[in-house]
Amino acid sequence: MSVIKVAILGFGTVGEGVYRTIQSHAEEITAVLGKKVEVTAILIQNKQKKREVREDVLLTTDFAEILQLPQLDVVIEAIVDIEPTFTYLKKAIGRGCHIITANKEMFAHHGKELLGLARENNVLVGYEATVAGGIPVIQTLRQLLKINRVSLIQGILNGTSNFILSEMREKKQSFAESLLQAQKNGYAEADPTNDVEGFDAFYKAMILSRIAFGEEPNWHDVERQGITSITNELMEAAEKLGLRFKHVASISREDGRVVAAVKPVLVGNENPFYHVEGVENAVNVHSDIVGRITLQGPGAGMFPTASAMIEDLVYVCQSHSIEHIGSRKECSKGKPDSEKPKEHWLIHGGIKKEADSAITWIDKVAKDTFIIEAAQKDLEQFVQQQSEVCYFSILGEVDLPVLNKAAVSVI
Ligand code: HSE
């Protein structure tokens, strides 16, 4: 029986998860592919560290040694940072290897180039693990929704942020304690700034945008906010209204162009995101034939990520045709800004209330915390005249209980 030879770059949480899964699911992989998969080499950082791998596996700190192996079919990459990863993967493609990556930052920056290079070299790129951990959202968009016209994607795309928000709400833990726990569980990036400031979700959103719409918005036009402005007090205020904070990326086509935002929002019980807790991720895909689909599952961690990579391994080894990413047609013109309906918002901070007919003050929820109704552009204008104010959109139609009508009148 012929053998598929694989190298793994990186032996952290993800790399080790992939190695262990290839061993534990060897029978299933062989049955599906009709060939054995063998890990031949692993790129590591520290040769002294003890690792539980078979003795015949080459452990090296030098990528050149891996490239020189007599047979190498697939390179599975599980390291962080854009470089040297991008360079390694270009070399692997040049050598004729399929590549599989979990590196969203690198892929958001250079995915297009890698896919082009792969096409030229007649190999494939698997990148399911770059978005939403173990949820097969990329294959769903790429393989299973080829004819549907996607109009909107909304997703909880960062497991660490969702975990922190859940811990803060359920266990009343501080932000710092919750982040520490996420790091201990192996969910957070090496530098968790990427998680809690929304960069990680932003990169994932850009990758999804390219698949769903065939293009990305101008990165500088994308509103990106993390979860660091959400306090336990704000969460309690939201809970009184039956709302929960979720960190949501949204990508849509409006007026012929792709727009995106990555930020915390509030959702009510009727929204599928309300029940997405802990390290779970979820993705809502709105499209014209099927309507709304929600995919939900573990968004980070050793085995969910390994699952996405192993499925990609089978995909690249089975496929005989080269993939073509997103060439979807425009499907929704969207509404011009002037026609956009007013939305509900939770606004918090030292608000100097001035007569502003564009803002309707609905309720006072806690000290310095109000529910208002306004169009986004009017709210943005109002906030510019205030200092230290944060605001969060309340997604969809929710029944807001009126708590303090009297208090509103004396704001
Ligand atoms: N740090 C990432 C997260 C890992 O928490 O979602 C998975 O991409």
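Each ligand, and each atom within it, is numbered from 1 in the order the structure gives. This is a predicted model, so every value here is computed, not measured.
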For ligand 1, which atoms sit closer than 4.0 Å to a heavy atom of Asp195?
-> 1 (N), 2 (C), 3 (C), 5 (O)
Within 45° of the ring axis of Tyr88 and under 6.0 Å from its six-membered ring centre, is that where the NZ or CZ of Lys90 lies?
-> no
Nearest neighbour in protein (non-hydrogen) for atom 6 (O) of ligand 1 = Gly159 N, 2.8 Å
Considering only non-hydrogen protein atoms, determine which one is nearest to atom 8 (O) of ligand 1 and report residue, atom name and distance to 0.1 Å.
-> Lys104 NZ, 2.6 Å
Judged by non-hydrogen atoms, does Gly299 sit under 4.0 Å from ligand 1?
-> yes
re atom 5 (O) of ligand 1, the protein heavy-atom contact at minimum distance is Thr160 OG1, 2.6 Å
Does CD belonging to Glu388 count more than 12 external heavy atoms closer than 6.0 Å?
-> no
Is the count of non-hydrogen atoms from other residues, nucleotides or ligands lying under 6.0 Å from Lys91 atom NZ greater than 12?
-> no
Is there a donor-acceptor contact under 3.5 Å from the side chain of Arg244 to the main chain of Tyr274?
-> yes
Decide whether an N or O pair under 3.5 Å exists between Glu189 and ligand 1.
-> yes
Lys204 neighbourhood, listing ligand 1 atoms whose heavy-atom distance to it stays under 4.0 Å | 2 (C), 3 (C), 6 (O), 7 (C), 8 (O)
Would you check whether Ala129 has a nitrogen or oxygen atom less than 3.5 angstrom from a nitrogen or oxygen atom of ligand 1?
-> no
Is the distance between the ring centroids of Phe370 and Trp361 less than 6.0 Å?
-> yes
Got a donor-acceptor contact below 3.5 angstrom from the Thr369 side chain to the Lys367 backbone?
-> yes
